[in-house]
Each structure stands twice: as structure tokens, then as C-alpha cells.
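Worksheet: the structure to be examined is printed underneath.
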Amino acid sequence: MLVLGIETSCDETACAIVRDGKKICSEVVATQIPYHRRFGGVVPELASRKHLEAINTVVEETLFKSGFEMEHIDRLAVTVGPGLAGSLLVGITAARTLGAIHNKAVFGVNHILSHLAVNFLTASISLPYIGLTASGGHCDLVFAKSHDEFEMLARTRDDAPGEAFDKTAKMLGFTYPGGAEIEKLAKGGDEGAFKFPVPRFKDGSEDFSFSGIKTFVKNLIPETDEERLPDLAASFQNSVANIFSAKIIAAAKQKGCQRVLVAGGVMANSCIISHLEEECARNSIQLFYPEARFCTDNAVMIACRGFWQEKSLPLRPSPDLKI
Ligand code: KG4
Ligand code: ZN
């Protein structure tokens, strides 16, 4: 089955054609990041206008690169949420229009579950699994019983991990988005140099929290000498990795499931992935993670999700779509 995926939930206008959720026929990502950088983050109203400017060219180029015409496509898949309302609307309208003109089924898909679905591109993974999506806007830990049945185990109550990376990077003088800059700064740093607090809720909740470590690093920055900044960045990164591994291991025990998929922009971080590999191996957990370029937003993941999903979500922008 040939699926054409469209992604416009945030600051990437992306399109991809994937065969059977396994073979990428073509892929185009037009990023708006350099445009939003001057504002220090994504400006929603400007993002939707940029999507509108780019969407037709991005879809046409994807088709051109694949050598296919719309008549060869079996299904369209498009992100319906979560994301920015105006931006989602551009992708959904494009998909619905193409679907109507060419008489194709259009599948609305969840962006967070799509991040996880890209893992199926290169690996044969049995179900059930535990999935952790860690991105600039989300941190969701789910238990997938099937490709259409998900149980939410934990989510962030405050900042998303990518947001904590971006805000820390900003405090250190880096431009948006700063996750990859922190990773670079942390190279050669001592991850044990600073002891970060472990977030815990008074009500015993298993949810995630990243605002505490963000505030902790914020207070340390002014009093840290320049040559110790790599240690600080490495310790910050390590504290995020520790939060992830603790939650993953607890969820695996709770659900009796030793299969874990991770995804989302923050999983492009090679130190975090090495840490998770070690901790999962120590606990006999099988870990799957995507290639770094498929961790950040793209449309390959949307086409993959569109292949595995049985039913379409309603084709309307759902900015706060839950699992
Ligand atoms: O998944 P994504 O592209 O967009 C959302 O759905 O939010 O994630 C973007 C986030 C940004 O916060 C960015 O700083 C972070 O992923 N990120 C990283 C790295 N590369 C991207 N965080 C840590 N280390 C990285 N190497
Ligand atoms: Zn994303």
C-alpha cells in the first residue's frame, strides 16, 4: 500500500510517500526554523502562513521525486493533532482537497503516535509495547495494546523535555531550538559534576515534570564558570535521561512488557539514547529508537502511522488531541 503523508502541526511543512510502512519512496521537509529563530520560538500565526506558502510545492516535489502520480497513491494520511490549530488546518485542507479530487481515502492521524510509528520502518516489532514520545511540545508514555488501542500511562504536567532543552539553551545564549546545541556543549563534559533533583509529585503520581530541573539549571548558570558549562550541560542532559529510564523501567514492570519504543525530537540526542540502551539492557528490556533524522518532525512518520492505523480520526484540527 502506498501512503502519502502530510505533516504541518508545527514548524515543518513535510510530505512523504511510504510503501507498506517500510520503504520510503520520497520525502520532503521544508523547515521554518530559520524563519522563527529571530522570534526565539514558533509564532503560530506566522507558521500557518508559511505552511500555506509551502504546502503545494512540498506535495508536488514529493510526488515528482517518487516518480508516482496521485493515481498510484492508495491512501492519504494527515496530522490532525496535537499541534497549532491554523497550521493543522493547512495540512488537513490540502489532504482533503487531494482526496476529493483524486477519490482517495484520507486518514487523520495523531502526531504523537506517528512519532512512535516510525520505529516500524526498519524493525519488525511485536505488540504490545511501551512507547515514550519526548519532543518540544510533549512527553507521553503510553501502553500500546494494538495499533489502535493505547493507554496513557504518564505525561508531563509542566514543560516538555524539548522545551526544557530549548529554554536552557536560550539561557546559555544559543538560538532556538537549542536541544542539539546542548548536546554539542555537553560533549566532553562530566555528567556527574552537578547533582540534579529528581522530580517527584506529592500525590505519588507517575507523571513527568521538567520545570524543576529547568529552574535548577537556571539558578546554576550565573554562578558557573565558562569552562564548567560543558559539565553543566552534560549533567542536565543526564538528568533528563535518568527521568526517561526510570519511567520506562517502572512502566515495563507495571505492564509486564519488555518492549519499549522511544521517539520525538529529544531522542535525536545520542547521549540520551546511549543511556537508555545501557539501562534497558541492564533490565532485559528490548529498546527501539528511530534514526536521529526521523526523531524530529517529518512526514515519513505520518505515512507510517497512516499505514498501521485501522480507522481515521476526524478530519478537523484538534490542537489538544489526547491519546
Ligand atoms: O519532535 P520535534 O521535532 O517537534 C515536536 O513535535 O515538538 O521536537 C523538537 C524538539 C526541540 O525542542 C529540540 O530542541 C529537540 O526536539 N531536539 C533535541 C535534539 N534535537 C532536537 N533535544 C536534545 N538533543 C538533541 N540532539
Ligand atoms: Zn513532533
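One-based numbering along the sequence shown. Note that ligands are numbered from 1 as they come in the structure, with each ligand's atoms numbered from 1 the same way.
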Legend entry - Nearest-0.5 Å distance, CG of residue D159 to OG of residue S209: 7.5 Å
Legend entry - Side chain proximity check, V260 to Y129, heavy atoms < 4.5 angstrom: no
Legend entry - K170 atom NZ: more than 12 heavy-atom contacts under 6.0 Å: no
Legend entry - Option among V217, T168, D166 that satisfies the side-chain contact (heavy atoms from CB on, under 4.5 Å) test with I182: T168
Legend entry - Within-shell test, Q237 vs ligand 1, heavy atom, strictly < 4.0 Å: no
Legend entry - N/O separation below 3.5 Å, G264 to ligand 1: no
Inset, instruction - Say whether C295 and ligand 1 are in contact under the criterion: heavy-atom distance to a ligand atom below 4.0 Å. - result: yes
Inset, instruction - Determine, considering heavy atoms only, which of C10, G178, G265 sits nearest to atom 21 (C) of ligand 1. - result: G265
Inset, instruction - Decide whether an N or O pair under 3.5 Å exists between G136 and ligand 1. - result: yes
Inset, instruction - Before giving the answer on side-chain contact (heavy atoms from CB on, under 4.5 Å), spell out for M70 and L76 the whole-Å C-alpha distance, their side-chain angles and the decisive distance to 0.1 Å. - result: CA-CA 10 Å; M70 267 311 292; L76 293 150; 4.2 Å; yes
Inset, instruction - Could you tell me whether some N/O pair between P177 and ligand 1 is separated by less than 3.5 angstrom? - result: no
Inset, instruction - Give a yes/no answer: is there an N/O/S atom of H111 under 2.8 Å from the Zn ion (ligand 2)? - result: yes
Inset, instruction - Output, in order, the C-alpha distance, side-chain angles, deciding distance and verdict of ring pair (Phe, Tyr, Trp, His ring centres under 6.0 Å) for F120 and H147. - result: CA-CA 11 Å; F120 289 84; H147 284 294; 5.1 Å; yes
Legend entry - C10 near the Zn ion (ligand 2): N/O/S under 2.8 Å: no
Legend entry - Close N or O approach (E163, ligand 1; < 3.5 Å): no
Legend entry - Pair D203 + R157: basic N to acidic O under 4.0 Å: yes
Legend entry - N/O separation below 3.5 Å, E12 to ligand 1: no
Legend entry - Option of least heavy-atom distance to atom 11 (C) of ligand 1 (set: D297, D166, V240, I33): D166
Legend entry - Full working for ring pair (Phe, Tyr, Trp, His ring centres under 6.0 Å) between F194 and F216: CA-CA 10 Å; F194 294 87; F216 188 76; 8.1 Å; no
Inset, instruction - Enter the distance from R19:CZ to I24:CD1 here, rounded to the nearest 0.5 Å. - result: 13.5 Å
Inset, instruction - Please note down the angle at the Zn ion (ligand 2) between NE2 of H115 and OD1 of D297, to the nearest 10°. - result: 100°
Inset, instruction - Would you check whether H115 reaches within less than 4.0 Å of ligand 1, judged by its heavy atoms? - result: yes
